[in-house]
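Structure record follows, encoded as structure tokens.
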Amino acid sequence: MTKKKLTIPQFKELKTQGQKFRMVTAYDYTFASIVEKTPIEMILVGDSLGMVVLGYDSTVPVTMEDMIHHIKPVVRAAKNTFVVGDMPFGSYNVSVNEAIRNANRILQEGGADAVKLEGGSNVLEIVSEMVKGGIPVVGHIGLTPQTAAQLGGFKVQGKETEIARKLIEDALHLEQAGAFAIVLECVVAPIAQLITEKVAIPTIGIGAGPACDAQVLVMQDLLGMYDKFTPKFVKQYVHLNGQIVDALTTYAQEVADGVFPGPEHSFGLNKEQLGRLY
Ligand code: KIV
């Protein structure tokens, strides 16, 4: 299928028209080129790569180098899909200057179209300075995995009135600071709906109900590949983990039995050429 990369004003226009858009994570060339063949408008090179690609227990150990290493091949593959690069833990909590320097790297070295960073009131100055500097920013509130310990673990956000109020305020402030979209992660659906109604920029939900302007899922979750744990909000559209295990097991058996490679997978030599060697 042919598609054209959407611009930031076009994403905002989709919200105005009540038209949903789609985002999925990708971390390498192969998967990004597959996304490129679909109608999905946005790729997130998320720091979730720390868990699903690098095997860490959380996103905290992910570095700027890791992010850039993974953003580059995605950008090479997905020429017609808008690519957002995640700011990893430690890349924006030292100073505003350092945050901008790191965001510049994600755009210049990585080639991403925008950056995403976690936080609400604590990151407003950073978001505002980035936007003034010409860096497109996606906010991320609700369950923020980099600081999940401060939230009391990986739990749904917005059940308590105070926290719900803060989420709404944070979303409005992020919009004022210049973010062009906001990821709402693990937010109770009615509060995600309220936020979506109150802000003019698109909300991108993950575990935040159907009212959000867009949805995002982690690729390995959506495809049923990551089997360590599956959150309630994940829908597995296929169960690739089991299918890959079956394929690899068959391959292993065929090699052991001498069935693979067969003649159709081998390169021959004609009799004359072979004769000269005897
Ligand atoms: O890193 C990531 O994949 C994310 C999504 C869960 C939104 O931040």
Side-chain angles (χ1 to χ4, degrees), residues 11 20-28 31-32 35 40-64 66-71 74 78 81-93 102-103 106 110 112-120 123 127 137-148 151 153-157 167 170-171 174 179-187 192 195-196 201-209 212-223 225-226 228-236:
F11 283 115
K20 308 256 185 204
F21 61 91
R22 296 65 54 109
M23 184 189 226
V24 68
T25 67
Y27 318 98
D28 66 20
F31 275 105
V35 179
I40 293 172
E41 295 89 350
M42 261 192 197
I43 289 178
L44 171 65
V45 187
D47 62 354
S48 47
L49 71 84
M51 297 164 87
V52 299
V53 177
L54 302 178
Y56 296 129
D57 289 333
S58 80
T59 57
V60 173
V62 177
T63 64
M64 274 298 296
D66 292 331
M67 289 311 305
I68 288 173
H69 182 72
H70 286 273
I71 292 168
V74 168
T81 310
F82 192 96
V83 177
V84 179
D86 233 349
M87 305 269 316
F89 182 76
S91 68
Y92 58 100
N93 62 0
N102 283 324
I106 287 183
D113 298 299
V115 302
K116 174 173 87 56
L117 54 88
E118 296 181 6
V123 297
V127 172
V137 179
V138 177
H140 181 160
I141 57 175
L143 174 58
T144 44
Q146 291 175 8
T147 48
L151 300 172
F154 286 78
K155 47 184 204 182
V156 68
Q157 302 291 305
L167 285 172
D170 281 350
L174 281 168
F180 77 89
I182 308 174
V183 168
L184 303 178
E185 179 165 353
C186 251
V187 172
I195 292 172
T196 303
I201 55 174
T203 56
I204 306 173
I206 175 161
C212 296
D213 300 301
Q215 295 291 326
V216 56
L217 279 177
V218 167
M219 176 76 82
Q220 279 74 350
D221 287 341
L222 186 160
L223 299 180
M225 292 174 78
Y226 187 70
K228 256 187 156 174
F229 115 106
T230 309
K232 169 186 159 75
F233 58 74
V234 167
K235 178 168 178 181
Q236 295 185 337

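Keep in mind it's a predicted model, so treat the numbers as computed, not measured. Counting starts at 1 for both ligands and their atoms, following the listed order.
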task = For ligand 1, find out whether one of its N or O atoms is nearer than 3.5 Å to an N or O atom of Ser48.
result = yes
ask   = Any side-chain heavy atom of Asp221 sitting closer than 4.5 Å to one from Thr230?
value = no
key: Sub-4.0 Å atoms of ligand 1 with respect to non-hydrogen atoms of His140   = 8 (O)
message = Which label fits Phe82 and Phe11: parallel for a plane angle under 30°, tilted from 30 to 60°, or perpendicular past 60°?
response = perpendicular
ask   = Tell me, do Val52 and Tyr27 make a side-chain contact under 4.5 Å, heavy atoms counted?
value = yes
message = Under a 4.0 angstrom heavy-atom cut-off, which atoms of ligand 1 come close to Glu185?
response = 6 (C)
task = Using a strict cut-off of 4.0 Å, indicate which atoms of ligand 1 neighbour a heavy atom of Leu44.
result = 2 (C), 3 (O), 4 (C), 5 (C), 7 (C), 8 (O)
Thr25 N/O to ligand 1 N/O under 3.5 Å = no
key: Atoms of ligand 1, numbered as shown, that sit under 4.0 Å from any heavy atom of Ile206   = 6 (C)
request  = Kindly confirm or rule out an N or O of Lys116 lying under 3.5 angstrom from an N or O of ligand 1.
outcome  = yes
query = Any idea which atoms of ligand 1 are less than 4.0 Å away from a heavy-atom of Gly46?
reply = 1 (O), 2 (C), 3 (O)
message = Is there a side-chain contact between Val123 and Tyr92 in this structure, where contact means two heavy atoms from C-beta onward sitting under 4.5 Å apart?
response = yes
request  = Identify the two heavy atoms, one from Gln215 and one from Gly209, that lie closest to each other, and give their separation to 0.1 Å.
outcome  = NE2-O, 3.0 Å
